[in-house]
Each structure stands twice: as C-alpha cells, then as structure tokens.
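Written below as structure tokens is the structure these notes are about.
Side chains included, hydrogens not; waters and symmetry mates left out as well; all remaining heavy atoms used. These numbers were taken from a predicted model, which means no experiment stands behind them.
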Protein chains: 2
Amino acid sequence: MTQPSNKALVPFVSVDNMMRLIHHVGIEQMLIDLANYVEDDFKRWEKFDKTPRVASHSEVGVIELMPTSDGEAYGFKYVNGHPKNTSEGLQTVTAFGLMADVYTGYPVLLTEMTILTALRTAATSAMVAKYLAPKGADTMAMIGNGAQSEFQSLAMKAICGITSVRLYDTDPAATAKCAANLASTGLDVVICKTPEQAIEGAQILTTCTADKQCATILTDNMVGAGVHINAIGGDCPGKTELAAGILTRSDVFVEFPPQTRIEGEIQQMAEDFPVTELWQVINGTKTGRTSDRQITLFDSVGFAIEDFSALRYIRDRIKDSDFFFELDMLADPDDPRDLFGMVQRAAQ
Amino acid sequence: MTQPSNKALVPFVSVDNMMRLIHHVGIEQMLIDLANYVEDDFKRWEKFDKTPRVASHSEVGVIELMPTSDGEAYGFKYVNGHPKNTSEGLQTVTAFGLMADVYTGYPVLLTEMTILTALRTAATSAMVAKYLAPKGADTMAMIGNGAQSEFQSLAMKAICGITSVRLYDTDPAATAKCAANLASTGLDVVICKTPEQAIEGAQILTTCTADKQCATILTDNMVGAGVHINAIGGDCPGKTELAAGILTRSDVFVEFPPQTRIEGEIQQMAEDFPVTELWQVINGTKTGRTSDRQITLFDSVGFAIEDFSALRYIRDRIKDSDFFFELDMLADPDDPRDLFGMVQRAAQ
C-alpha cells in the first residue's frame, strides 16, 4: 500500500474534537479569543477579498459557500439554511470550513463549523457591543431562545461584562432550555413572559428569532433611548425582526453594506439608508456611540471574514495539540507529473 | 464523551480508498462508468444550476470553487491551480469535492478529487470523442505527457477503441514516464521526437500542455482534414495551445460557452465566434461530425457538471462498500435548538 506523503495530509477538527477544544480552553476564554481574532481582521478589513456569498436556493432552503482571502490564507465556509429541518429533527444550519495556503493552494485545515459558527457569531456580537453599547451596561434582553441564545449570553458576559440576562421566546420550552443551560454560568437569569418584560432595564437588546418571514419582534414604542440593539435574526431576504421606525431612530452599523442591504434589517429601508461600516469604527476612522441617549443598532447578517477569523484561530490553536487528526485528502505523488504511476503502484 | 448521531456523519473517500476503488473496479471500467455518468448529466444539462466558477487569484495561482446542483443533489469542487508548484515538488492541481442533499442541506459525501478529476477529465474527453471523432479512429497523438496523459490514453482506448498512442513532450523524461506507465495496458505506444511525428496517421489529436502562456503546440499547417482535436490544456485566461487558423477551419464544440470564451482556445477569437454546445449534440438536438473531411475540435476547459457526475458516481458506487469511512463533521444535537447543551454535556 502506498503511504501518503506528509504534504498530502490535511488537519481535520471533528465535532468531538471541537467540543474537547472548547472545554480545554474554556468556553468564555474561547469567545474572548475569537472576538480578538475577529477584531484584528476587522482592523485590516481592506486587505480582504470581499466576494458576496455564492448561494444555491431550493424551495426548502439554501446552500451557501462563503469564501474570502487576506492574500496569505484563503478560507471558505459551507453552510446550509433549512428552516423546515427542525421539525424533522435536523439542524436548521450546519456548516464546515476550510483554510488553505494561498501560496501553494494546499488546504491546511478542515473543520466542523456548526459549533464554531455559533461561537464566532456570539463573539462578533459582543466585540461590536464593546464598541457600541452604553457604558456600564450590565443587563441584556435575549429575545429568541434558540441555538444561538446561550452563546450570545456568555459572550456578552465574557467580553462586555453583563451580569444579567432576561429571556423571552414565543415557546416557553425554549426559554426553559436556555435558562437551564445558563444556570451554572454565573449569570443572573430572568425568565420573562413578554418581550416588553424582557427589555425592562436592559441596555442591550438582542433579537435572534428564526422564522423566515418579515416579523416584528420589537415594535417602535418598545425601544427607548440609550440602548444598543444586537439584531442577529434578520439574515436573509424576507427575514426581518425590527419595526422600520426603530431603524429610523437608530444609528445603524453593518458588516458589509452590499450584503446587509439584501439580507439585514435594512432591507426594509431605502437603498441609500445611511449606515456605518463597523470596520471603520474598530480601526478608529468612524465614531461609534456618541451620546448616552443614542440608539445604536448592529444589523448582523454574518460575513465571510468572521468565518475566516474563526478558521485562523482554530488553525493557530490546534498546533502541537491532539485536537485534530490528519486526513488523507490530497493526492501527492513524489513526481507531480506521475499521478497515474502513483495510482498504478497502489495496486501492488 | 458524547457520541455523534448517525445523521452527523459524512462518508469520506480518502486518496488511499480512491486508489483501492479504482483497482477494485478496474481503471478502464471506471473510466467507462464515469463517461456514462457524465453523458447522462450532459443529456439533462438544462436541469442544472450553471454558475461560473468562483475564483480567488493570487500572483502565483488560483483557488476555485465550482458548485452546481440538479435540484436534488448539490456538488462543489475545491481546486487550486499553481503552475509553480511542480518545481517545488508539489502538485500543480489538487482538489477535493463534496456532495450534499438539497432537501436537508446535509453533506452526503466528501472525497479526494485530485485523482477523480484526472479520471473525469479523461472520461469526458473520450465520451465527447465517441460523438465527434472520425469512424474507425484507432490512433491518438498525445502531445504533452504530464499527469493527465495516461488517463487520456486509457479513456480513449476503453471508450473509443483506439489501439495506438503517439507520445510527444518537450521534456523527453515526461514521455519516458508516460510510455513506461502505459507499457502493460495493451496500447501500442510510439515515442515521438517532434509534434509533427506524433500526429502522423493519428485521427485524434490530444493536446495537454501546462504552461500558463499563449503557446502554439499545433500550428495551422500541421492539422489536415478529417481529424478530431481534443484540446485539454487551454483552460484559463492567457493559456492556449492552438494556432487561431486551426480554430477557423474547425467546428468547435464546448461545454459552457460563457466559461469557454474566457478560458478556452476560443479566447483568441471574436466574441461571437460560432460554437456548438456539446450537451445539444449528446441529446440529439444538434449534429456533431457531419463529414469525413471535417475537423472537429473539443475546446475543453472542465465544467462543474462533470465534477458533479463524478461525485454522483462515487456516492452511488461506495454504497455498502468499505471504500470510505465516516467523518464526524456535522454537529447534530438531539434537540436542534440545544446546540449549547450538546457542547456542555460533552464535558461530562
């Protein structure tokens, strides 16, 4: 049997190894680390190839490839979105990702990204809230208590120092699950019966609901001055969570305007609705929060560079560890022109 | 330790298992099978999403994603092209591919595709030659004796019945390697010192050279009436192999015109240079070869549907076999909303 050469092996992080890594690092520390990697890549935003995601739509869902490159490394994520999956006992969203060396074109990391995407989304939200939330914010309303809710809560605790979360979901079972999962995290958890109750006293309002339809989770009169809204759930055409009136009263911050205008909350607004690009706030060329009374809004849709940051973190973090194994995924004959000979010799 | 559920596992075909599968099926039979799968998909061409490939260019190479879908299955290939790699002992081209179920968005196959791409490229060439080459063709000139040359020769033997190959390369070592690899295949192998000598008496002229530059491997006066030219090497902007005069005298057949006009031999010609789409020949709506004197030219650049066919074949062929193992690549909690709980319980 032909043995593969070292060059042909691609480090692979399985779901099991990703969970082992999270517990080894500690989930809050990993959220902090990921937020730092995302923040670093937002600071050097202009270095990246920014391609819109490549989507293949069907009647029941979408499959997307999200590639980007900083000129040295190349990353892409495969991710599906199938809202009907939940009712069939499957995940709405599953994902995996790959990083490659731009100089050789050889992959250097293959990894599960369902869990990693949940972590990077929460880390990005909290990193952004660090810039935009009012000073001293200690309470978050968490509206929508699905798969992302615990990650959001812990990231806001680890990165922004919140001490209390107020949970609301149309399905009380989801809230109970979220509350149980957060019980031993040190967060003060309050179960709320209405969205109005959830936002009482909260300086950060996070919305993360899943229905693919234009919904109004927050109405205009619910949102007072001086809060930061972290809107996660409006992330595809036809899917929004906020009343248009809130957007009009807010300063809206986005990842990549061409994508957010199609997928985000601002799809409700005119094409020239003013937004600020977050990378410019983070590198100091634009201002974030300017007053205590201001409503800031992060219209989050998720961008390829955040996945790139997460892949880069995993690539760096697993070096010299046992949190991966090597996959024989690339044929690499001794003589590059002799692929056939390699195949032929494998019979011997 | 949490055990992954069955749904979370993705069948993976390693390089080693791909080589085992090839020897199990037999390389000529596998080329025949792949040609049948490609032919079937060309016949139902209109059912496919046809996106141009998504390329990320650098100074030294390119990394591409090639997705397509027939509405039931979704496939993509990751492939790099780095001509300078050979001089560093690496493959110019490496590839892997993935197939997913459109209905759930869940991946159903991950596989090496460096070897599989060599097989599908050769199978496609021979399937096309079956429609276009002159009747009774028994001799092929193989100009360029690199990694693709043996696969091309064997596919033309298995699918079109050629009995003799005439090899030429600017590097005699490449020709010696190709001749040695083909020695026990039953083909009559003739080593030639010039391209002119290689094409003597050949009815099929295959060009497959690797330089990323406009080269003229075949000049106009070398190509007489009644041959089929299988032009593999011209497959990216700036890379061609044939004199423009040959194109003018030929009937040119292509995979997907928008891609071929940028990447193929016809990038040398006007934007409205007439071409015939192969899928229409194969489903019987357009004619292929119409006379013994005609020069037919397959301007091959490689298209995503051919990779899809290859992925579909591997998916079908490995069922109930031991030519794969299962990768724990997709997180799949029992309760889809309880991703965090799954991570949390993994610590126990």
Query raised in the report: To the nearest 0.5 Å, how far apart are CG in B/Asn80 and OH in A/Tyr106?
Result: 7.0 Å

Report task. Work out which heavy atom in A/Leu65 is nearest to a heavy atom in B/Pro67; give both atom names and the distance. Result -> CD1-CB, 4.1 Å

Requested in this report: With sequence neighbours excluded, tell me which residues meet side chain to side chain contact (heavy atoms under 4.5 Å, CB included) with A/Ala118.
Outcome: A/Gln148, A/Phe151, B/Leu339

Report task. Would you please test B/Lys84 and A/Thr104 for side chain to side chain contact (heavy atoms under 4.5 Å, CB included) and show each step? Result -> CA-CA 9 Å; B/Lys84 61 87 191 156; A/Thr104 63; 4.2 Å; yes

Report summary line: Taking every heavy atom of B/Val102 against every heavy atom of A/Val60, the minimum-distance pair comes out as O-CG2, 4.1 Å

Requested in this report: Could you go through the side chain to side chain contact (heavy atoms under 4.5 Å, CB included) check for A/Ile115 and B/Met342 one step at a time?
Outcome: CA-CA 10 Å; A/Ile115 301 169; B/Met342 183 183 83; 4.0 Å; yes

Query raised in the report: Nearest heavy-atom pair of A/Tyr78 and B/Ala100: which atoms, and what distance?
Result: OH-CB, 3.0 Å

Query raised in the report: Looking at A/Asp49, A/Asn17, A/Leu98, which one has more heavy-atom pairs under 4.5 Å with chain B than the rest?
Result: A/Leu98

Report task. Supply the atom-to-atom distance B/Met113 CE to A/Met329 CE, rounded to the nearest 0.5 angstrom. Result -> 12.0 Å

Report summary line: Given B/Gly81, B/Ser56, B/Gly146, the one with more heavy-atom pairs under 4.5 angstrom with chain A than any other is B/Ser56

Query - Member of A/Thr86, A/Asn145, A/Asp171 meeting the side-chain hydrogen bond (donor to acceptor under 3.5 Å, both in side chains) criterion with B/Arg337 - result: A/Asp171

Query raised in the report: Are any side-chain N or O atoms of A/Lys177 and backbone N or O atoms of B/Asp338, one a donor and one an acceptor, separated by less than 3.5 Å?
Result: no

Query raised in the report: Sub-3.5 Å donor-acceptor pair from the side chain of B/Tyr103 to the main-chain atoms of A/Ser58, do we have one?
Result: no

Report summary line: So, the part of B/Ala180 with a heavy atom under 4.5 Å from chain A: the answer is neither

Requested in this report: Taking all heavy atoms of B/Thr94 and all of A/Pro107, pick out the closest pair and write down the distance.
Outcome: OG1-CD, 4.5 Å

Requested in this report: Give a yes or no on whether A/Gln29 atom CD has more than 12 heavy-atom contacts from other residues, nucleotides or ligands under 6.0 Å away.
Outcome: yes

Report summary line: What one should report as the nearest heavy-atom pair of A/Asp101 and B/Ile63 is O-CD1, 4.4 Å

Query raised in the report: Where the side chain of A/Tyr74 meets the backbone of B/Val62, is there a donor-acceptor pair that is under 3.5 Å apart?
Result: no

Requested in this report: For the pair A/Asn181 and B/Gln344, evaluate side chain to side chain contact (heavy atoms under 4.5 Å, CB included) and give the outcome as yes or no after the intermediate values.
Outcome: CA-CA 8 Å; A/Asn181 282 334; B/Gln344 211 171 31; 3.3 Å; yes

**Report entry** Pair A/Phe340-B/Ile27, side chain to side chain contact (heavy atoms under 4.5 Å, CB included): steps then yes or no
**Finding:** CA-CA 10 Å; A/Phe340 185 87; B/Ile27 188 162; 3.7 Å; yes

Report task. Could you check whether the rings of B/Phe76 and A/Phe76 sit parallel, tilted or perpendicular, using 30° and 60° as the cut-offs? Result -> perpendicular

Query raised in the report: B/Ser14 pairs by side chain to side chain contact (heavy atoms under 4.5 Å, CB included) with which of A/Leu327, A/Leu9, A/Asp328?
Result: A/Asp328

Query raised in the report: Which heavy atom of B/Ala331 sits nearest a heavy atom of A/Glu112, and at what distance?
Result: CB-OE1, 4.2 Å

